[in-house]
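Heavy atoms only: backbone and side chains are in, while hydrogens, waters and symmetry mates are out. Proteins come first, then strands; the chains are lettered A, B, ... in the order of their sequence lines, and each starts at number 1.
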Number of protein chains: 2
Amino acid sequence: MSDLLERLRGRGWRMTAQRRVVAEVLDGDHVHLTADEVHARAVARLPEISRATVYNTLGEMVMLGEVLEVSTDRRAKRYDPNAHRPHHHLVCARCGTIRDVRPTGDPLADLPDAERFGFTVSDVEVTYRGTCPDCASA
Amino acid sequence: MSDLLERLRGRGWRMTAQRRVVAEVLDGDHVHLTADEVHARAVARLPEISRATVYNTLGEMVMLGEVLEVSTDRRAKRYDPNAHRPHHHLVCARCGTIRDVRPTGDPLADLPDAERFGFTVSDVEVTYRGTCPDCASA
DNA sequence: ATCCTACGATGGACTTTGTCTAAGTCAAGC
DNA sequence: GCTTGACTTAGACAAAGTCCATCGTAGGAT
């Protein structure tokens with residue numbers, strides 16, 4: 001059931017109940033959870049799991065490239081298990097809903113050398129902002 | 001000297017010593033300050049200015065569209081007085097340095113209707129990440 | 001010029017998000 | 001089934017930001 005778990009085990013991860021639960025929560029169909037939301041759902045399955053462990057585990061998954069950190073607002077980081085497929089985000093300015101989107105074109109190619117100031121550019125994050133249909137009609 | 005102040009006054013802003021100081025700090029040549037940095041510089045000119053006032057004032061400037069809120073890392077929002085010229089940001093993953101850049105192309109146009117999910121898309125924020133020359137050589 | 005009053009400022013408590021640490025626990029190799 | 005070092009825990013701590021009751025003052029009215 002859990003691709004994520006398989007991949008993590010394959011990387012020599014020590015498998016603990018806590019890590020399993022965090023991976024399972026992320027692997028559900030609810031993407032873009034905040035760390036605290038992950039913790040809340042993890043607690044439902046494993047009541048004694050601590051916040052620190054959830055933070056640590058999420059951080060490790062990000063390090064391993066299995067999960068993406070998304071920062072669409074300054075409230076909290078969100079975690080996106082969709083790390084294998086490149087995509088960007090569309091955020092409602094009112095309610096905070098996030099959708100994954102795949103724009104055409106490659107924004108990395110749109111940054112000319114003259115605008116790179118000697119940086120080694122490795123990544124680009126695009127966030128579209130707007131109003132979702134629900135908020136627009138309210 | 002201060003375009004920003006002129007524009008704000010023109011919008012019927014009540015002019016107070018505190019607001020003047022915040023506008024002047026932003027209007028200097030240091031761009032991309034955090035709220036706390038703005039506060040620190042404001043205190044240097046007006047020792048009794050409070051943090052809440054700096055936050056309120058920055059928030060109002062953002063509302064009025066005179067200043068841009070940039071969130072390149074999770075640590076703190078940064079404020080960019082360059083709101084009149086569209087631009088994006090290039091951030092060093094190591095030291096956090098931020099440069100303004102102007103990519104070619106329009107990312108908004110790159111988002112097809114089919115990927116908009118009924119949203120009214122009004123804005124796009126692009127953040128390039130990489131390593132700056134200083135950090136690369138260190 | 002002075003007065004009024006609503007708008008703005010204050011500071012300190014509070015909240016949210018995240019990090020750190022010291023001590024205890026347990027997965028996995030032997 | 002031991003051992004060991006990686007993992008987990010609870011709670012203290014920190015940073016960034018918000019809220020609120022109260023006080024002060026900019027700027028229009030007189």
| request: Specify the separation, in whole Å, of atom CZ of Arg78(A) and atom P of dT17(C). | output: 9 Å
| request: Check for a donor-acceptor pair, side chain of Thr131(B) on one end and backbone N or O of Thr120(A) on the other, with a separation under 3.5 Å. | output: no
| Is there a donor and acceptor pair, one atom on the side chain of Arg51(A) and one on the base of dG18(C), closer than 3.5 Å? | yes
| said: Between the side chains of Glu37(B) and Arg78(B), is the shortest nitrogen-to-carboxylate-oxygen separation below 4.0 Å, so that they form an ion pair? | reply: yes
| query | How long is the line joining CG of Leu8(A) and C1' of dC7(D), in whole Å? | reply | 15 Å
| Between Glu66(A) and Arg7(A), is there a side-chain N and carboxylate O pair less than 4.0 Å apart? | yes
| task | Give a yes or no on whether a salt bridge exists between Arg85(A) and Asp100(A), defined as a side-chain N under 4.0 angstrom from a carboxylate O. | result | no
| message | Output the rounded distance in Å from NE2 (His39(A)) to C1' (dA10(D)). | response | 11 Å
| Side chain of Arg14(A) - closest among dG8(C), dT10(C), dC26(C) | dC26(C)
| remark: Heavy-atom nearest nucleotide on DNA chain D taken for Asp36(B) and for Glu60(A); more 5' hit belongs to Glu60(A)
| note | Of the listed dG18(C), dA9(C), dG24(D), the closest approach to the Ala76(A) side chain comes from dG18(C)
| request: Would you please confirm or rule out a distance under 4.0 Å between OP1 or OP2 of dA9(C) and any side-chain N or O of Thr16(B)? | output: yes
| said: Rounded to whole Å, please give me the gap between CG in Leu58(A) and P in dT17(C). | reply: 14 Å
| query | Roughly how many Å is it from CH2 in Trp13(B) to P in dA26(D), rounded to a whole number? | reply | 15 Å
| For dT19(C), does either OP1 or OP2 sit under 4.0 Å from a side-chain N or O belonging to Tyr55(A)? | no
| How long is the gap from CZ on Arg129(A) to SG on Cys92(A), to the nearest 0.5 Å? | 11.0 Å
| note | Asn56(B) atom CG is separated from dT18(D) atom C1', nearest whole Å, by 9 Å
| note | Result for 5'-nearest mapping on DNA chain C, choosing between Met15(A) and Tyr79(A), is Tyr79(A)
| query | If you check the Arg75(A) side chain, which of dT10(C), dT17(C), dT8(D) turns out closest? | reply | dT17(C)
| message | Between the opening five pairs and the closing five pairs of the helix from dA1(C)-dT30(D) to dC30(C)-dG1(D), how far apart are the helix axes, to 10°? | response | 30°
| said: Counting only side-chain nitrogens and oxygens, does Gln18(B) get under 4.0 Å of the OP1 or OP2 atom of dG24(D)? | reply: no
| query | Whole-Å distance between dA9(C) P and Arg20(B) CZ? | reply | 11 Å
| request: Round to the nearest Å and state the distance from Leu46(A) atom CG to dT25(C) atom P. | output: 16 Å
| task | Side chain of Arg19(B) only, please: which of dT9(D), dG18(C), dG8(C) is the nearest? | result | dG8(C)
| With respect to the side chain of Ala52(B), which nucleotide from dA9(C), dG12(C), dT16(C) is positioned closest? | dG12(C)
| request: Would you please test Leu68(B) and Val62(B) for side chain to side chain contact (heavy atoms under 4.5 Å, CB included) and show each step? | output: CA-CA 6 Å; Leu68(B) 270 186; Val62(B) 171; over 6 Å; no
| note | Taken to the nearest 0.5 Å, the spacing of Arg20(B) CZ from Met15(B) CE works out to 6.0 Å
| OP1, OP2 of dA9(C) versus side-chain N and O of Ser50(B): anything below 4.0 Å? | no
| So, are Arg45(B) and Glu24(B) salt-bridged, with charged N and O less than 4.0 Å apart? | yes
